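Fair warning: this is a prediction, and the values are worked out from it, not measured in the lab. The sequence lines fix the lettering, A, B, ..., with proteins before strands; numbering per chain opens at 1.
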Amino acid sequence: MLRSHTCGELRLTDAGKSVTLSGWVQISRDFGGLTFVDLRDRYGITQLAFNMSTNAELCEQARKLNREFVVQVSGTVRERENKNPKIPTGDIEIIVDSIKVLNSAKTPPFTIEDETDGGDDLRMKYRYLDIRRAPVRESLLLRHRLAQETRKYLSDQEFIEVETPVLIKSTPEGARDFVVPSRMNAGQFYALPQSPQTFKQLLMVAGMDRYFQIVKCFRDEDLRADRQPEFTQIDCEMSFVERADILDMFEGLVRHLFKTVKGIDIGKLPHMSYADAAKYYGNDKPDTRFEMKFVELNDVVKNKGFKVFDDAELVVGICAKGAASYTRKQLDELTEFVKRPQLGATGLVYARYNADGTIKSSVDKFYNEDELKKWVAAFGAEPGDLMLILAGGIDKTRKALSELRLEMGTQLGLRDKNKFSCLWVIDFPLLEYNEEHNRWFAMHHPFTAPWPEDIAKLSNPAQFGEIRANAYDMVINGVEVGGGSIRIYDKALQAKMFETLGFTAEEAQAQFGFLMNAFEFGAPPHGGIAFGFDRLCSLFGGAESIRDFIAFPKNNSGRDVMIDSPSVIDDKQLKELNIKTTV
RNA sequence: GGAUCGGUAGUUCAGCUGGUUAGAAUAUCGCCCUGUCACGGCGGAGGUCGCGGGUUCGAGUCCCGUCCGGUCCGCCA
């Protein structure tokens with residue numbers, strides 16, 4: 001070993017020891033006759049001291065060390081004259097006897113410090129330098145701990161980690177597939193899995209009973225701060241279970257993770273139906289760290305001569321506690337916020353319930369004090385509160401108000417990243433209609449079981465929208481961290497499902513015959529869940545973006561700016577693969 | 001596919017309704033400094049204002065196009 005200790009472990013009790021350390025030069029502080037060098041590795045920072053009057057030659061050597069040089073030093077641990085309480089090794093320093101430069105370094109393009117001066121683009125290009133920074137290193141360490149605790153919990157619960165193939169088959173449902181050409185099978189392509197869904201079901205048919213995998217999944221869709229083209233799931237499946245068993249098992253997992261990694265007890269998770277989530281939060285992944293629930297006002301506000309409300313399918317609002325002091329300017333900004341093209345609201349009606357008990361609304365022309373009192377009653381508002389109301393079509397209005405609610409939550413400081421509010425959202429619709437494609441799509445995926453009492457509705461297209469799925473999402477702080485369902489395990493029902501989704505029997509057989517055939521050989525009742533592991537990590541780490549929890553992430557355009565991929569390939573390679581490009 | 005914000009020194013940014021030699025901080029280099037840990041002091045170097053076109057006596061600034069990046073909508077079973 002080129003070291004006897006790491007740069008993070010020496011303490012006052014080690015004083016007097018002869019040690020050898022290796023690491024990177026963080027910074028040096030040169031006083032002419034006295035020079036300090038901070039030596040850094042993964043474990044911490046240790047100060048090296050050089051004194052011109054003790055060893056002039058060595059001190060001159062130390063003065064030539066630049067940032068990020070890799071050096072090995074030997075010396076003696078000594079109690080510091082001036083201690084630094086900010087770092088764990090701050091009580092000691094190393095009186096160096098010898099320095100060996102293991103490698104020199106160019107000046108890095110950004111500072112290797114907690115608060116770097118580098119922009120995202122540059123940090124990604126030099127990701128290996130970025131990872132030297134403590135915040136990124138800590139994020140990757142957090143990910144490691146979560147992965148280890150996940151394996152520990154699931155393994156203790158008799159789950160077996162099984163690897164499934166990465167080169168699989170493209171299917172028409174769901175996200176766009178990444179495809180891989182097959183050289184040995186000219187003109188044919190593998191697809192990378194969007195998830196190991198069918199394989200884990202086949203493992204249940206195979207009698208594995210409890211399966212999990214921390215596994216890469218791939219979706220060729222446009223990206224966001226919390227979406228990467230390749231991402232990691234904690235993928236799980238279990239046999240001989242009902243929904244309650246799955247919810248228990250996996251809120252147990254998340255409880256274990258919070259307990260062991262963050263020392264937090266999240267308690268028992270409440271359940272909320274999809275219908276309630278839509279009605280009270282306008283969102284299938286409600287942020288329940290704060291209330292501010294939707295209040296529907298159709299009965300209260302209609303037929304008073306205000307055309308906007310009278311013509312609206314839905315009039316719905318929220319009550320922002322203590323926000324009556326919002327200025328006209330702030331209210332105008334909120335109006336602009338909901339009128340953004342992405343939200344598309346036509347306007348925002350507000351009513352201030354002032355501290356003195358008076359009510360001032362933006363529609364006083366249509367609603368007198370008595371009418372506004374009814375609003376106050378509907379909202380349960382108290383003096384000092386601000387009522388914000390949107391009107392229009394149901395879906396669009398709920399969506400816009402949901403965004404407004406989150407914005408108000410942020411502005412009022414109700415979205416503390418150190419507070420965690422977890423819940424299950426259950427009873428999703430099985431199917432949703434797609435106007436563009438003119439057909440029904442599975443909201444979760446085509447293998448999701450409907451509620452038994454809703455199965456009959458599969459025979460009547462007029463009732464397709466009413467069918468409830470035996471599906472569930474785990475939501476934490478407004479983030480969908482996981483989702484799953486009880487699966488169909490009957491061939492006839494699965495065939496019926498494909499038929500409902502517009503597949504001919506032949507198409508269904510060609511695409512998913514392997515699964516339906518398997519169901520003929522004794523498939524057990526089963527169900528499962530998959531957690532978005534990257535999102536879980538970012539949530540635990542209190543970050544918005546998942547990128548710092550991935551060692552080598554891709555940018556918004558799906559590019560890796562460090563290795564510069566994707567890239568064009570050689571004509572010879574293309575020819576071998578029987579591929580011609582058109583660009 | 002669409003909306004929106006940005007691109008100026010190695011880096012992060014400022015640069016007003018167009019007007020003399022494009023600034024700051026930090027990093028970097030040199031000199032000084034024996035207890036710093038955001039060390040300090042003095043001095044220096046560092047710019048094709050993303051790219052192309054246009055308007056103008058004059059463009060970092062205005063217009064058009066384009067490329068790159070961020071955020072969002074669509075999309076993501």
Participant: Should the side chain of A:Asp117 and the base of B:U26 be counted as holding a donor-acceptor pair, with the cut-off at 3.5 Å?
Facilitator: no
Participant: Any N or O donor-acceptor pair linking the side chain of A:Ser53 to the base of B:U34 at under 3.5 Å?
Facilitator: yes
Participant: Scan A:Gln47 against the nucleic acid and name what it touches under 4.0 Å (heavy atoms): base, sugar-phosphate only, or nothing.
Facilitator: base
Participant: On RNA chain B, check which nucleotide each of A:Asn66 and A:Pro109 is closest to and give me the residue with the more 5' one.
Facilitator: A:Pro109
Participant: Within the 4.0 Å heavy-atom criterion, would you say A:Lys83 contacts the bases, only the backbone, or no part of the nucleic acid?
Facilitator: base
Participant: Under 3.5 Å, is there a donor-acceptor pair linking the side chains of A:Gln61 and A:Glu57?
Facilitator: no
Participant: Expressed in whole Å, how much space separates the P atoms belonging to B:A14 and B:G7?
Facilitator: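 Taking atom P in both B:A14 and B:G7, they lie 7 Å apart.
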Participant: Can you check the A:Arg559 CZ to B:C68 C1' distance for me, whole Å?
Facilitator: 11 Å
Participant: Between B:G46 and B:G53, how far apart are the two P atoms, rounded to whole Å?
Facilitator: 27 Å
Participant: Measure CD/A:Glu60 against C1'/B:U34 and give the value in whole Å, please.
Facilitator: 14 Å
Participant: Without decimals, in angstroms, what is the distance between A:Asp130 CG and B:U11 P?
Facilitator: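 Roughly 15 Å, once rounded to whole Å.
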Participant: Reckon A:Arg67 touches a base, only the sugar-phosphate, or nothing at all at heavy-atom distances under 4.0 Å?
Facilitator: sugar-phosphate
Participant: Compare the minimum distances between each of B:C76, B:A38, B:C37 and the side chain of A:Arg227, then state the nucleotide with the smallest one.
Facilitator: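 Closest of the options to the side chain of A:Arg227: B:C76.
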Participant: Work out how far the C1' atom of B:G60 is from that of B:G15, and round it to whole angstrom.
Facilitator: 8 Å
Participant: So, using side-chain contact (heavy atoms from CB on, under 4.5 Å) as the criterion, who are the partners of A:Arg439 when residues are at least two apart?
Facilitator: A:Glu173, A:His437, A:Phe441, A:Leu501
Participant: For the side chain of A:Asn555, starting at C-beta, report the closest nucleotide among B:G69, B:A27, B:U71.
Facilitator: B:G69
Participant: Does any nucleotide pair with B:C76 by Watson-Crick or G-U wobble geometry, both distances under 3.5 Å, and what is it?
Facilitator: none
Participant: Can you tell me the base-pairing partner of B:C13? Count Watson-Crick or G-U wobble geometry only, both distances below 3.5 Å, and say none if there is no partner.
Facilitator: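 In the structure as shown, B:C13 has B:G23 as its Watson-Crick or wobble partner.
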Participant: Write down the atom of A:Trp451, the atom of A:Ala469, and the distance for their closest heavy-atom approach.
Facilitator: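 Looks like NE1-O, 3.6 Å.
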Participant: Could a donor-acceptor pair under 3.5 angstrom be found where the side chain of A:Arg219 meets the base of B:C76?
Facilitator: no
Participant: Please state the C1' separation for the pair B:U61 and B:G19 - nearest whole angstrom.
Facilitator: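 Their C1' atoms lie roughly 11 Å apart.
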Participant: Have a look at A:Arg78 and say if it touches a base, only the backbone sugar-phosphate, or nothing, with a 4.0 Å heavy-atom cut-off.
Facilitator: base
Participant: Given B:C73, B:A27, B:C33, identify the nucleotide with an atom nearest to the side chain of A:Lys399.
Facilitator: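 So the nucleotide nearest the side chain must be B:C73.
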Participant: How close do A:Cys537 and A:Phe549 get, counting heavy atoms only, and between which atoms?
Facilitator: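 Closest heavy-atom pair between A:Cys537 and A:Phe549: O-CE2, 3.4 Å.
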Participant: Could you give the CZ-to-P distance, from A:Phe36 to B:C33, as a whole number of Å?
Facilitator: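 Interatomic distance, CZ of A:Phe36 to P of B:C33: 16 Å.
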Participant: Pick base, sugar-phosphate or nothing for A:Ile27, based on heavy-atom distances below 4.0 Å to the nucleic acid.
Facilitator: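 Result for A:Ile27 = sugar-phosphate.
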Participant: Quick check for you: among B:C76, B:G10, B:C37, whose closest atom lies nearest to any side-chain atom of A:Asn84?
Facilitator: B:C37
Participant: So, A:Asp427 versus A:Tyr472: side-chain donor-acceptor pair below 3.5 Å or not?
Facilitator: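 Absent: no donor and acceptor within the cut-off.
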Participant: Look through every strand shown and name the nucleotide pairing with B:G6 as Watson-Crick or G-U wobble, where both distances are under 3.5 Å.
Facilitator: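 B:C68 is the nucleotide pairing with B:G6.
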Participant: Roughly how far apart, to the nearest Å, are B:G70 and B:U12 at atom C1'?
Facilitator: 15 Å
Participant: Please check if any side-chain donor atom of A:Thr410 sits under 3.5 Å from a side-chain acceptor atom of A:Arg415, or the reverse.
Facilitator: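 A:Arg415 and A:Thr410 do have a side-chain donor-acceptor pair below 3.5 Å.
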Participant: Grab the CG-C1' distance between A:Asp121 and B:U11 for me, whole Å please.
Facilitator: 13 Å
Participant: Using whole Å, report how far NZ of A:Lys554 lies from C1' of B:G69.
Facilitator: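 It is 17 Å, rounded to the nearest whole Å.
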Participant: Could a donor-acceptor pair under 3.5 angstrom be found where the side chain of A:Gln342 meets the base of B:C72?
Facilitator: yes
Participant: Using a 4.0 Å heavy-atom cut-off, does A:Ala49 contact any base of the nucleic acid, only the sugar-phosphate backbone, or nothing at all?
Facilitator: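 No contact.
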Participant: Out of B:G74, B:A27, B:C29, which nucleotide sits closest to the side chain of A:Arg224?
Facilitator: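 Selected nucleotide (nearest to the side chain): B:G74.
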Participant: Starting at atom CG of A:Leu48, determine the distance to atom P of B:U34, rounded to an integer number of angstrom.
Facilitator: 20 Å
Participant: Would you measure the distance from the C1' atom in B:A22 across to the matching atom in B:C16 and give it in whole Å?
Facilitator: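 About 15 Å, rounded to a whole number of Å.
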Participant: Quote, to the nearest angstrom, the P distance that separates B:G23 from B:G2.
Facilitator: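 Going atom to atom, P in each nucleotide, I get 40 Å.
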Participant: Quick check: closest heavy atoms across A:Arg132 and A:Ile112, and the distance to 0.1 Å?
Facilitator: CB-CG2, 3.7 Å
Participant: Ignoring backbone atoms, establish whether A:Lys86 has a side-chain N or O less than 4.0 Å from OP1 or OP2 of B:A38.
Facilitator: yes
Participant: Would you say B:U34 has OP1 or OP2 under 4.0 Å from some side-chain N or O of A:Arg63?
Facilitator: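 No, outside the criterion.
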Participant: So, under a plain 3.5 Å distance rule, would you say the side chain of A:Arg29 forms a donor-acceptor pair with the base of B:C33?
Facilitator: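 For A:Arg29, whose side chain was compared with the base of B:C33, there is no donor-acceptor pair (under 3.5 Å).
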Participant: Output the rounded distance in Å from CG (A:Leu34) to P (B:U36).
Facilitator: 10 Å
Participant: With sugar-phosphate meaning primed atoms plus P, OP1 and OP2, does A:Glu93 contact a base, only sugar-phosphate, or nothing at under 4.0 Å between heavy atoms?
Facilitator: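 The answer is base, as A:Glu93 lies within the cut-off (heavy atoms under 4.0 Å) of a base atom.
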Participant: Consider only side-chain N and O atoms of A:Ser28 and A:Asp30, and report whether a donor and an acceptor are under 3.5 Å apart.
Facilitator: no
Participant: Any donor-acceptor pair under 3.5 Å linking the side-chain atoms of A:Asp235 with those of A:Tyr211?
Facilitator: yes
Participant: What is the nucleic acid contact for A:Leu122, judged by heavy atoms within less than 4.0 Å: base, sugar-phosphate only, or nothing?
Facilitator: sugar-phosphate
Participant: Considering only side-chain heavy atoms of A:Asp222, which listed nucleotide, B:C33, B:A27, B:G1, is closest?
Facilitator: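 Output: B:G1.
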Participant: By nearest atom, which of the nucleotides B:C33, B:C39, B:U36 is closest to the A:Asp30 side chain?
Facilitator: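 The nucleotide sitting nearest to the side chain is B:C33.
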Participant: Can you tell me if A:Phe31 is stacked onto the base of B:U34, using a 5.5 Å centroid cut-off and an angle below 30°?
Facilitator: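 No, A:Phe31 does not stack on the base of B:U34, since the centre distance and plane angle fail the 5.5 Å and 30° test.
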Participant: Which part of the nucleic acid, if any, lies within contact of A:Gly119, taking any heavy atom under 4.0 Å across all strands shown: a base, the sugar-phosphate backbone alone, or nothing?
Facilitator: sugar-phosphate
Participant: If we count only N and O atoms by modelled type, under 3.5 Å, do the side chains of A:Ser170 and A:Asp177 hold a donor and an acceptor together?
Facilitator: yes
Participant: For B:C31, which nucleotide is its Watson-Crick or G-U wobble mate, given both distances must be under 3.5 Å?
Facilitator: B:G41
Participant: Counting distance alone, no hydrogens or angles: does the base of B:U11 have a donor or acceptor under 3.5 Å from a partner atom on the side chain of A:Arg123?
Facilitator: no
Participant: Is any side-chain N or O of A:Ser557 closer than 4.0 Å to OP1 or OP2 of B:C68?
Facilitator: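 For B:C68, neither OP1 nor OP2 has a side-chain N or O of A:Ser557 closer than 4.0 Å.
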Participant: How is A:Pro446 classified with respect to the nucleic acid when contacts are heavy atoms under 4.0 Å: base, sugar-phosphate, or nothing?
Facilitator: base
Participant: Please state the C1' separation for the pair B:G58 and B:U21 - nearest whole angstrom.
Facilitator: 16 Å
